[in-house]
Amino acid sequence: MPFIPHTPEEIEQMLATIGADDIETLFDEIPANIRCQSLDGIPPAASEMEIAREVQAMADRDAGALNFIGAGAYEHHIPAAVWQLTTRGEFYTAYTPYQAEASQGTLQLIYEYQTMMTGLTGMDVSNASLYDGASALGEAILMAVRVHRKSKSRKILVPASLHPNYRKAAETIVKHQGIELVELPIDPQTGRIDPTALEQYSGEDITALAIPQPNFYGVLEEADELTAWAEQNNTLVIGVVNPFALGLLKPPGEWGENGADVVCGDGQPLGAPLSSGGPYYGILCCKQAHVRQMPGRIVGRAVDADGKKGFVLTLQAREQHIRRSKATSNICTNQGLVVTASTIHMALLGPVGLRNAAALSMANTRKLVEKAAAIGIAPRFSGEYFHEVALQLGQPAAGVLERMAANNVLGGYDLGQVNPSMADSILVCATETKTDADIDRFIDTLQAAL
Amino acid sequence: MPFIPHTPEEIEQMLATIGADDIETLFDEIPANIRCQSLDGIPPAASEMEIAREVQAMADRDAGALNFIGAGAYEHHIPAAVWQLTTRGEFYTAYTPYQAEASQGTLQLIYEYQTMMTGLTGMDVSNASLYDGASALGEAILMAVRVHRKSKSRKILVPASLHPNYRKAAETIVKHQGIELVELPIDPQTGRIDPTALEQYSGEDITALAIPQPNFYGVLEEADELTAWAEQNNTLVIGVVNPFALGLLKPPGEWGENGADVVCGDGQPLGAPLSSGGPYYGILCCKQAHVRQMPGRIVGRAVDADGKKGFVLTLQAREQHIRRSKATSNICTNQGLVVTASTIHMALLGPVGLRNAAALSMANTRKLVEKAAAIGIAPRFSGEYFHEVALQLGQPAAGVLERMAANNVLGGYDLGQVNPSMADSILVCATETKTDADIDRFIDTLQAAL
Amino acid sequence: MLIFEHATPGRRATAQAPATMADIDLPKRFARKSPTGLPEVSEMQAVRHYTRLSQKNFSIDTHFYPLGSCTMKYNPRACNSLAMLPGMLNRHPHAPLSHSQGFLQMMYELQEMLKEVTGMAGVSLTPMAGAQGEFAGIAMIRAYHDSRGDAERSEILVPDAAHGTNPATAIMCGYKVREIPTDEQGDVDLDALKAAVGPQTAGLMLTNPSTLGVFERNIMEIARIVHEAGGLLYYDGANLNAILGKVRPGDMGFDVIHMNLHKTFSTPHGGGGPGSGAVGVAERLMPYRPIPVVARDGDTYRWLTEDDLPDSMGRLSAFAGNAGVLIRAYIYMRMLGKAGMPRIAEFATLNANYLEKRLVEAGFDAAFPQRRASHEFIITLQKEAKELKVTAMDFAKRLLDFGFHAPTTYFPLLVPECLLIEPTESETKEEIDGFVAAMVAILEEARNEPDTVRSAPHTMPNRRFDEVSAARKPDLRWRPGE
Amino acid sequence: MLIFEHATPGRRATAQAPATMADIDLPKRFARKSPTGLPEVSEMQAVRHYTRLSQKNFSIDTHFYPLGSCTMKYNPRACNSLAMLPGMLNRHPHAPLSHSQGFLQMMYELQEMLKEVTGMAGVSLTPMAGAQGEFAGIAMIRAYHDSRGDAERSEILVPDAAHGTNPATAIMCGYKVREIPTDEQGDVDLDALKAAVGPQTAGLMLTNPSTLGVFERNIMEIARIVHEAGGLLYYDGANLNAILGKVRPGDMGFDVIHMNLHKTFSTPHGGGGPGSGAVGVAERLMPYRPIPVVARDGDTYRWLTEDDLPDSMGRLSAFAGNAGVLIRAYIYMRMLGKAGMPRIAEFATLNANYLEKRLVEAGFDAAFPQRRASHEFIITLQKEAKELKVTAMDFAKRLLDFGFHAPTTYFPLLVPECLLIEPTESETKEEIDGFVAAMVAILEEARNEPDTVRSAPHTMPNRRFDEVSAARKPDLRWRPGE
Ligand SMILES: Cc1ncc(COP(=O)(O)O)c(C=O)c1O
Ligand SMILES: Cc1ncc(COP(=O)(O)O)c(C=O)c1O
């Protein structure tokens, strides 16, 4: 019996103690007419050896390509130590640290995570994670609406330069609460938020403005100007950031005069493998004043009965298990293990490691753009970019990408999926993992596929 | 500076404390004329990311074949838990448990290992490991010579059915001590030790007889008869066993009347991956009476100052660090980590797991032999085999194996390497890891290569 | 010591990063000037620090962890090693179908297996935890009513025993919450339910077995009442472990369900997550499933997106949910196999009933002594709290000293001084007996030296914390120079 | 509790083995009848048991571990994960060359790098630990003399400070051992050496820096003396970490060396091994290298075996040594790179000299105060033992309570009450300062409450053991029914 330790003798003894004839008796409160029959749709048990071989074959089937896709999930070097430590049983098989005294490992680690994340973002407070970047944007919007009580419009400006799936997920999450997401178009020239479009909302009651940095197209938004606009218009700022980029970029806590109010993003680039899209984790940070509207777990330092410092889950009165229908969110289980990995990852990178890796990613993408220019391919937008760039191919991107994939190069993300007007463009990212030879291979494969 | 934590300020402080101007000064006792110049043969440092990619490419280069080679190293299923636990830092980065109080994890584990190994072999005592099976045979022979003080010949009968590299390694190890290894031929019909050849030594002063079980050709030796012969002739018996096979086979402790005196073998089949030949570990077990002639570490249960039980390295007066030139061996570092894995492996298999896996291996090889018969290929020997068998191809094996390898099937071990008279034969092994489809693929590939 | 306190300016884990900063031309207005505050430590320091930190945790791999409602069972190590094969880890979520068939096949088969064990018509794997699955489910209920022009339905009914995520979810979906009381036997109060339903009823959320550790016997009647009122029935699958292969939510009349794959299907949720809250739906809710979903066309697999499911309740994440968790659940289910499914429920239930019986025999009060335990059960320490002034919290903390993680305390809220105890099927009789012995010993202490219990724990890295002060003056991050 | 004590007849880790026993026809005379005695536990029990056991160990990943002569430095985690890639683990040692080029290239490059750092003409990777490398080396010396018909050489000279493996090895190779005394400065007594050499001298085994923690300054003179007597010079490379990239054994006149890759090149030797004792040889010993060795022919790599090296001293293992260890050493060396090699020696030496100086300032006696420390050094507690009746062993045990693994104690044998302390280059100044603080605190205790020190440790899973009784009545395995 896989994963069940009982021997026939023990079963007898236990049933005797209970006073039941057989195990089936224990289910006698379930109406007989709805009891289910054998689950013929489930295959027979595979031993570990058997399933290992099957899964290895499935993994092999998808493996082997050189990847230049980013679009919200980025390939980075993850130190070997990160997941070797993270998968230690004590981290891997613990749960939410409800019993603080028996969970100081996880609790201290989260406190360290919160410290690192506030440092990176320049914000006052971080929670212990949400599900992912997209759903974190949804929570950030809900939080902004709760925080900004003076604003009655519940209108949120969400630029078209934001990741399309972030916009969709946020819409899904907030739409039942009378919140309106208003799309802010991009300047087709620069690839960033169109400042004249934003100007139209000046003086209007806008609850919050979301600012992606870098934006979906890899372009750097004029975060200071946008934040200044928001500050003038009594609009909260929600920063949507790639934390990896913050090794080089001005942190949202320093945008404009007073910084962003709420910051969200996806923690994936800091220690989570691509892994088909998850588990990653959602970052959520805010100003001190907003902490009691923050969703999700938060760890605080506390003092014990001996006066010794330690760590506990705190401010739980925001959460569903205490406040139920009045909670700041329904979130319960979060992405703790990925946060564990990410914290170790950040400790191993350190400030210099993060900065240098970010700079190398940026430089690699520039190299790729230069080499693409040599074969007549140019960026679609003029705005400065970080480590990702839209290239205009002059022909349907879908076919080009398919031909590249046939040569085991995943050449980028087809922007036609987002907007038919961009069906001739791809989004390409060359992180620090790419060598000059990789970039040359990209160019050669692209050229052959054009 | 990879793996060096010092900052410039700390270096200054430390040098100031020492009273040295620079680090170079600390080397001023080394004669200047022999100081070495820069090591131009060493490439520049690779980051973890860079070396990871290189090594992955090297690994990929050798991967992907379906393996039917055994010949002393066997592919078995290793539960995922085994190496995940073994590579926990506390096991992985500890060393010999010199400080017993701070090493109870390793010490208890070795005590459990000793218990398991004595159980498997039916012997009284096990040490904590030697390097591998081949060198363990060398140590077993030296031990037998020390134990059997009455025998003056220092002649050891070593059958030709023993792994050729075991014989060579043993020869290397024992030859300086006036010990003679006498080859005992095999019966070319059965593939086992030729009983008439053995008979010739009856009455002679033979210090020990080595009995492989199963032997190099996969054939089961008549261990009881051989042991009985040794007992009659006042010859010690050294069993050389595959511990995996002991899930089914009569343990050497029960051979003949009184069992083997010393047992060695390679622990690889119990939890060590093939890994290009190592690290594996050498098993060494013996009768109680011989324990003080045993080489290698031994753990014993002890009582502490509070009367609490625990574990220590014991009988250290046998070892080089105490006895120096009078030690039972020069061995110091052993194969501790592999023993750790193997102990966990045996605990996960349990008696039934080991027995069933052994039986399935045996059945799979039988299946292979039956299907080979259908394409006209028969075993070379008539003796009963365990999970490995010599097949006679009727043409040079080397070419056949090469053609099979070109189809990514490693078809077996070319027996021509051992003995030119067997250049038309291969040694094949189908462990429990092989499915019916694998065996069919073997047969198809073999047929195509014939 | 915090990792920051191990740091020294200028120190680095050199092997982990490019040696020098590449030449880049980042305009000043975008550039960071302030420090990131990341710690400057060597690789060994980081390894040593986090290895030692980990040792301060209780976990399944080290301790019995009978946290009720959380199904802390053995997490097979194979699920980890296989989900972390390079081919699994390196697949980009936007990889083309040509480089996705292995993964998609696995996800498709997982969907099919989940349909089979739940009796639902369709499954979407995308929700990233139970609570998100609830959100998806309630949003589907809303989409369903809306599609029929049935826009007046404004209430979600929730039993008072429900988990906090249920009412919180209903609110997020724009509903009002109406609580339904529980009767003395632990079942939903049918009269109250009948009185509560009406044209305003969008649906009822129910956990079965409930968080009281008993099976809701009137489930078919409840389904009838809600359905007749035009409402839909939502199944909170947190306790699916109890009934796996025994009775299926679809056969109980539920229209939409979530599963906590991290509980029932044993994916680790280290330190608080990640989970997976895959949802299942009855036929009439098929159009509203959250996207993406995996479909099979002949021999190939592909994603269903907005184009295929235009009425979907939407997207919940940037990609397709917690894929790595789903892979682990898939592997676990395959290792259980058909025969293994009902055995999970059987032995989880056997362990719970045995443990309850032994505790009752030892003098503890079961909250529902007249009922069968499901995979978990409740002990109420009301008597002990009153007579000995030793609370459920005191017992919980003292258990830590005995080497057992505490059960869930003070949930569900309606049972005073409660411990919700879920041993799971993977624990041995010895371990359970050891837990009983510890409870008995603590009860003895509570009688003879109550302060020992009240001031527990005594053997942990910390004693009991002052949580009130911590919440009043939150210290949520370390500051340089501390 | 032992794993056997967790066992129950009939229990199994079911996922780990074929469900039923295959049909086989094993003749009775070969078949096992007695039980194997393996424990019957569930998978979770095994995981929990060994996880908890592991936590009882000190290790580099958890503690400062200044075990002199053992070079307990940081073991990079990347070496582990890369050496355990499926492609590495699954390669059969007899795989054909077509399926071995990746591995062989790595081994070839490792040989080349080792030649470069040692200044030797050739390297064989096959010995599986330092002691086996010694054996290979001395056997090569014998093969060399034999090949020249110089069969009278019957003695190996070994300084009294030598590691126990040195004399034990010489004996295994059929030599007599003659000890050479050490002078007061820690160098080999040259007069004694001159007196000892002669036509009977096969060679001298030397560790440099020696196990006294000092560099043998007269090495060139020693080489001259031995060589002129017709002997060869053997280098015990256990302390190579001290001089990496600073001075090479080949340039010091050594004819044959072993390296402890598990020390200098940081492969973990968990719980006692595995190691690797790769050997290097000067030109004249090339024919005698142990086999196999990797050779390069143009673009391809292959094994050199008996056919290529007919005069080889022989084979030492069934295959080619501890390949997995060699892979780890290769990766580590590549991560260090050219510039990293001398830095290892520099910072190992800096840490040792700093720690020695701080301890001396704190009142401890260095064994060789007038000398530079190499990568390690000796403190002698003779004074404390005499005056306070607190021994080196007591200090060692008490250090455990302070969270430090003890240094090597009572080795080398010629320094009374000694601690041989090797901090390694990967430790921080803070950690070393912490160790000094602990030593100072223990010294204080030794003065004020000596019994605390004498009865240490107090915080470990066990107190001090009665090792004498344990050896007198050895209990070497658990027996059923205990
Ligand atoms: C009964 C019940 N419902 C819902 C949930 C929420 O699930 P999750 O934590 O995965 O969001 C839980 C989890 O703790 C639960 O116990
Ligand atoms: C000086 C010295 N020589 C030789 C050895 C033997 O090396 P190994 O333990 O690898 O066999 C050691 C190891 O401990 C040593 O310290």
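Lettering follows sequence order; numbering is per chain, from 1.
Contacts of L401(B) with chain D are absent, with no heavy-atom separation under 4.5 Å from either backbone or side chain. When heavy atoms are compared at a cutoff of 4.5 Å, S129(B) does not approach chain D at all. Of the two parts of P35(D), only the backbone, made up of N, CA, C and O, holds a non-hydrogen atom closer than 4.5 Å to a non-hydrogen atom of chain B. With a 4.5 Å cut-off on non-hydrogen atoms, I344(B) touches chain D through its backbone and its side chain both. If you measure heavy-atom distances from A95(D) to chain B, the contacts under 4.5 Å come from both the backbone and the side chain. With a threshold of 4.5 angstrom between heavy atoms, F30(D) approaches chain B through its backbone and through its side chain. Of the two parts of E319(B), neither the backbone nor the side chain holds a non-hydrogen atom closer than 4.5 Å to a non-hydrogen atom of chain D. Both the backbone and the side chain of F215(D) come within less than 4.5 Å of a heavy atom of chain B. Residue contact with chain B, scored on non-hydrogen atoms closer than 4.5 Å, involves the side chain of H262(D) exclusively. L354(B) touches chain D through its side chain: at least one heavy atom from C-beta onward sits under 4.5 Å away, while N, CA, C and O do not. Looking at M72(D), only its side chain comes within 4.5 Å of chain B, counting heavy atoms on both sides. Using a 4.5 Å cut-off between heavy atoms, L2(D) contacts chain B through both its backbone and its side chain. At a 4.5 Å heavy-atom cutoff, the contact between L220(B) and chain D is made by backbone and side-chain atoms alike. Only the backbone of T20(D) comes within less than 4.5 Å of a heavy atom of chain B; no side-chain atom from C-beta onward does. For Q104(B), the parts lying near chain D are the backbone and the side chain together; criterion is any non-hydrogen pair under 4.5 Å. With a threshold of 4.5 angstrom between heavy atoms, I23(B) approaches chain D through side-chain atoms but not through N, CA, C or O. Only the side chain of I24(D) comes within contact range of chain B, with at least one heavy atom under 4.5 Å from a heavy atom of that chain. When heavy atoms are compared at a cutoff of 4.5 Å, R35(B) approaches chain D by way of both its backbone and its side chain. Using a 4.5 Å cut-off between heavy atoms, P474(D) touches chain B through its side chain atoms alone. Heavy-atom distances place the side chain of Y413(B), and not its backbone, under 4.5 Å from chain D. Only the side chain of L349(B) comes within contact range of chain D, judged by heavy atoms closer than 4.5 Å. With a 4.5 angstrom heavy-atom cutoff, D60(B) does not touch chain D via any of its atoms.
No hydrogens or angles considered: a donor-acceptor pair under 3.5 Å links the side chains of Y111(B) and D475(D). Side-chain contact check for Y354(D) and E10(B): no donor-acceptor pair (N or O, by modelled atom type) lies under 3.5 Å. H49(D) and E112(B) share a side-chain donor-acceptor pair at under 3.5 Å.
Side chain of N165(B) to backbone of A318(D): a donor-acceptor contact under 3.5 angstrom is found. Not one N or O on the side chain of R91(D) forms a donor-acceptor pair closer than 3.5 Å with the backbone of S275(B). D306(B) places no side-chain N or O within donor-acceptor distance of the main-chain N or O of R463(D), the cut-off being under 3.5 Å. Remark: side-chain polar atoms of T93(B) are paired, donor with acceptor, to backbone N or O of D61(D) under 3.5 angstrom. The backbone N or O of L120(B) sits less than 3.5 Å from a side-chain atom of R32(D), completing a donor-acceptor pair. Remark: side-chain polar atoms of E101(B) are not paired, donor with acceptor, to backbone N or O of P457(D) under 3.5 angstrom.
Residues K33(D) and E254(B) are not paired through a salt bridge, judged by the lack of any N-O separation under 4.0 Å between the basic side chain and the carboxylate.
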Give the intermediate values and the outcome of side-chain contact (heavy atoms from CB on, under 4.5 Å) for residues Q99(B) and L67(D).
CA-CA 10 Å; Q99(B) 294 296 335; L67(D) 198 64; 5.8 Å; no

- [ ] Report the C-alpha distance between N80(D) and Y92(B) in whole Å, list the side-chain angles of each, state the deciding distance to 0.1 Å, and finish with yes or no for side chain to side chain donor-acceptor pair (under 3.5 Å).
- [x] CA-CA 10 Å; N80(D) 181 45; Y92(B) 190 67; 3.2 Å; yes

request  = Output, in order, the C-alpha distance, side-chain angles, deciding distance and verdict of side chain to side chain donor-acceptor pair (under 3.5 Å) for T172(B) and R315(D).
outcome  = CA-CA 6 Å; T172(B) 304; R315(D) 273 188 194 272; over 6 Å; no

Self-check item: Worked check of side-chain contact (heavy atoms from CB on, under 4.5 Å) between E90(B) and Q55(D)
Solution: CA-CA 6 Å; E90(B) 300 95 320; Q55(D) 292 181 336; 4.1 Å; yes

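Atom SG of C36(B) and atom CD1 of I243(D) lie 8.5 Å apart (nearest 0.5 Å). Taking NZ of K308(B) as the reference point, atom CG of N462(D) lies at 5.0 Å (rounded to 0.5 Å).
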